[in-house]
Amino acid sequence: MNSIAPEVWPELPLEAWKDTYATLHMWTQIVGKVRLALSPKVNHWWEVPLYVSSLGLTTSPIPYDGGIFEVEFDFLHHKLFIRTSHGTEKIIELAPRSVADFYAEFLQSIASLGIRVRIWKMPVEVPNPIAFDRDTEHASYDPAYANRFWRILVRTDEIFKEFRSNFIGKNSPVHFFWGSFDLAVTRFSGRRAPAREGADAVTREAYSHEVISAGFWPGSGDIKGAAFYAYAAPEPAGFAEARVGPAKAFYHAPLHEYFLMYDDVRNAPAPNAAVLEFLQSTYDAGANLGKWNRVELEKPAA
């Protein structure tokens with residue numbers, strides 16, 4: 001796991017792919033909202049994410065009146081596949097095109113397969129949202145950078161699953177949240193969290209129980225590039241001052257999260273080991289300071 005060739009961790013400079021990132025974010029939200037509309041509600045919104053696949057990102061099977069269907073972004077051949085349990089399919093080319101154009105073709109395609117659904121047209125978790133059917137501003141798609149992003153997700157998904165395997169308490173799948181456009185995995189203490197004053201329904205459901213969560217995100221705002229992150233919610237006293245690794249990891253006070261920049265990982269002698277150290281040390285800090293019952297929640301040491 002630790003001797004990784006440099007090409008497995010490709011460069012992903014935010015400035016170089018920010019337009020593709022913004023467009024792809026909206027495309028994944030459109031697809032994700034269809035999954036949200038048709039899937040039974042699961043705790044912590046676990047019915048809504050996408051998952052890393054051997055080609056890109058997939059919804060996994062979604063129920064509809066005629067059976068099940070699946071939508072998959074293919075970042076190797078740059079197509080979107082919509083496949084049903086009846087053997088029918090539609091294929092949409094992934095190429096420079098507006099969000100409005102993608103939205104129209106995608107909804108037309110699923111309707112032609114007998115899938116009836118209505119979604120809210122407004123994006124979420126982004127500043128200055130534009131309704132999907134009116135968004136002609138975001139219209140970029142660089143296949144090379146879409147592929148790079150997916151390759152990073154593949155490696156990160158593998159590491160997160162290795163980290164996840166040592167925890168026997170309640171543990172989320174490794175999943176890609178299209179709202180925030182990040183790959184995440186979350187551990188639970190088993191205790192309910194204090195109510196968040198003023199929180200909306202989405203936040204209340206997401207953080208109904210104590211968690212320590214980690215993920216990978218392309219970056220924006222104060223975080224000027226792709227990064228691994230970790231946080232505890234609620235955050236225990238002393239968490240911000242905890243000693244975590246690797247040495248280049250840092251705590252961002254406004255966001256209440258630890259970050260390890262992706263470039264520091266890809267340039268490390270052992271990138272996988274660096275990510276695992278970050279995951280384990282931030283979890284150790286949150287679990288110890290939060291007084292989690294680690295004996296009951298973790299696999300015994302071999």
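Counting begins at 1 with the first residue of the sequence. In this text the structure is predicted, and so the values were computed from the model without any measurement. The analysis underlying the following values was restricted to heavy atoms, covering all of them including side chains, and did not include hydrogens, waters or symmetry mates.
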A.B. asks: When you measure from the side chain of D135 to the backbone N and O of A131, does any donor-acceptor pair fall under 3.5 Å?
C.D. replies: no

A.B. asks: So do R164 and R187 actually touch side chain to side chain, heavy atoms under 4.5 Å?
C.D. replies: no

A.B. asks: Short question: side chain of W217, backbone of G225 - any donor-acceptor pair under 3.5 Å?
C.D. replies: no

A.B. asks: Assess the side chains of E72 and T58: does a donor N or O sit below 3.5 Å from an acceptor N or O?
C.D. replies: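 Side-chain D/A pair, E72 to T58: absent.
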
A.B. asks: Please report whether the ring centroid of F250 lies less than 6.0 Å from that of H252.
C.D. replies: no

A.B. asks: Counting neighbours of NZ on K121 that are heavy atoms of other residues, nucleotides or ligands and sit closer than 6.0 Å, is the number greater than 12?
C.D. replies: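 No, NZ of K121 has 12 or fewer neighbouring heavy atoms, counting only those of other groups under 6.0 Å.
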
A.B. asks: Tell me whether the centres of the aromatic rings in Y141 and W27 are closer together than 6.0 Å.
C.D. replies: yes

A.B. asks: For I92 and F73, what are the C-alpha separation, side-chain angles and deciding distance, and is it a side-chain contact (heavy atoms from CB on, under 4.5 Å)?
C.D. replies: CA-CA 9 Å; I92 298 174; F73 287 90; over 6 Å; no

A.B. asks: So, do Y64 and F69 have ring centers that fall under 6.0 Å from each other?
C.D. replies: yes

A.B. asks: Determine whether L289 and V295 fall in the same hydrophobic cluster, where Ile, Leu, Val, Met, Phe, Trp and Tyr are linked whenever their side-chain heavy atoms lie under 4.5 Å apart.
C.D. replies: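 No: no chain of side-chain contacts under 4.5 Å links L289 to V295.
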
A.B. asks: Under the 3.5 angstrom rule, does the side chain of T59 hit a backbone N or O of R35 as a donor-acceptor pair?
C.D. replies: no

A.B. asks: Are the charged groups of E158 and R155 less than 4.0 angstrom apart, N to O?
C.D. replies: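 The answer is yes: the pair qualifies as a salt bridge.
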
A.B. asks: How long is the straight-line distance from CG of N166 back to CG of N171, given to the nearest 0.5 Å?
C.D. replies: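 Separation between the atoms: 10.0 Å.
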
A.B. asks: Are V154 and L276 connected in the hydrophobic side-chain network, where two residues link if heavy atoms are under 4.5 Å apart?
C.D. replies: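 They do share one cluster, since a chain of ILVMFWY contacts under 4.5 Å joins V154 to L276.
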
A.B. asks: Would you check if there is a donor-acceptor pair between the side chains of E11 and Y145 at a distance under 3.5 Å?
C.D. replies: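 Side-chain D/A pair, Y145 to E11: absent.
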
A.B. asks: Does the K33 side chain pair with the main chain of M122, one donor and one acceptor, at a distance under 3.5 Å?
C.D. replies: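 Side chain of K33 to backbone of M122: a pair is present.
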
A.B. asks: Which atom names give the shortest non-hydrogen contact between H44 and E205, and what distance separates them?
C.D. replies: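 Where H44 meets E205 most closely, the heavy atoms are N-OE2, 2.7 Å.
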
A.B. asks: Whether E210 and R191 form a salt bridge (side-chain N of Lys/Arg under 4.0 Å from carboxylate O of Asp/Glu) is what I want to check.
C.D. replies: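 Salt bridge: yes.
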
A.B. asks: Are F81 and L76 joined in one hydrophobic group, where the rule is that I, L, V, M, F, W and Y side chains link up if heavy atoms are under 4.5 Å apart?
C.D. replies: no

A.B. asks: Go through the side-chain N and O atoms of Y229 and D182 and say whether any donor and acceptor fall under 3.5 Å apart.
C.D. replies: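 On atom types as modelled, these side chains qualify, holding a pair under 3.5 Å.
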
A.B. asks: Evaluate the ring planes of F188 and W46, with Trp represented by its six-membered ring, and classify them as parallel (under 30°), tilted (30 to 60°) or perpendicular (over 60°).
C.D. replies: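 Ring orientation, 0 to 90° scale: perpendicular.
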
A.B. asks: Less than 4.5 Å apart, side chain to side chain, heavy atoms only: is that true for D157 and L183?
C.D. replies: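 D157 vs L183: side chains touch.
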
A.B. asks: Enumerate the residue pairs fulfilling side chain to side chain donor-acceptor pair (under 3.5 Å) with a member in residues 111-120, sequence neighbours excluded, ordered by first and then second residue.
C.D. replies: D65-R116

A.B. asks: Quick check: closest heavy atoms across S53 and W150, and the distance to 0.1 Å?
C.D. replies: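 For S53 versus W150, the nearest heavy atoms are O-NE1, 3.2 Å.
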
A.B. asks: Looking only at heavy atoms, what is the nearest atom pair of D142 and A144, with distance?
C.D. replies: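 Smallest heavy-atom distance, with atoms named: OD1-N, 3.0 Å.
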
A.B. asks: Please confirm whether the backbone N or O of G245 pairs with a side-chain atom of S281, one donor and one acceptor, at under 3.5 Å?
C.D. replies: yes

A.B. asks: Is there a side-chain contact between E296 and W292 in this structure, where contact means two heavy atoms from C-beta onward sitting under 4.5 Å apart?
C.D. replies: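 Counting from C-beta outward, E296 and W292 never come under 4.5 Å.
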
A.B. asks: Is the terminal nitrogen or CZ of R294 (NZ for Lys, CZ for Arg) located under 6.0 angstrom from the six-membered ring centre of F167 and within 45° of that ring's axis?
C.D. replies: no

A.B. asks: Taking ring pair (Phe, Tyr, Trp, His ring centres under 6.0 Å) as the test, write out the residues that go with Y21, two or more places apart.
C.D. replies: W17, F181

A.B. asks: Going by distance alone, is a donor N or O of one side chain under 3.5 Å from an acceptor N or O of the other, for H256 and Y251?
C.D. replies: yes

A.B. asks: Testing the basics here: between A227 and I223, what is the closest heavy-atom pair and its distance to 0.1 Å?
C.D. replies: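 A227 and I223 have their closest heavy atoms at CB-CG2, 4.1 Å.
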
A.B. asks: Decide side chain to side chain donor-acceptor pair (under 3.5 Å) for T203 and D200; before the verdict, give the C-alpha distance in whole Å, the side-chain angles of both, and the deciding distance to 0.1 Å.
C.D. replies: CA-CA 5 Å; T203 303; D200 60 26; 2.9 Å; yes

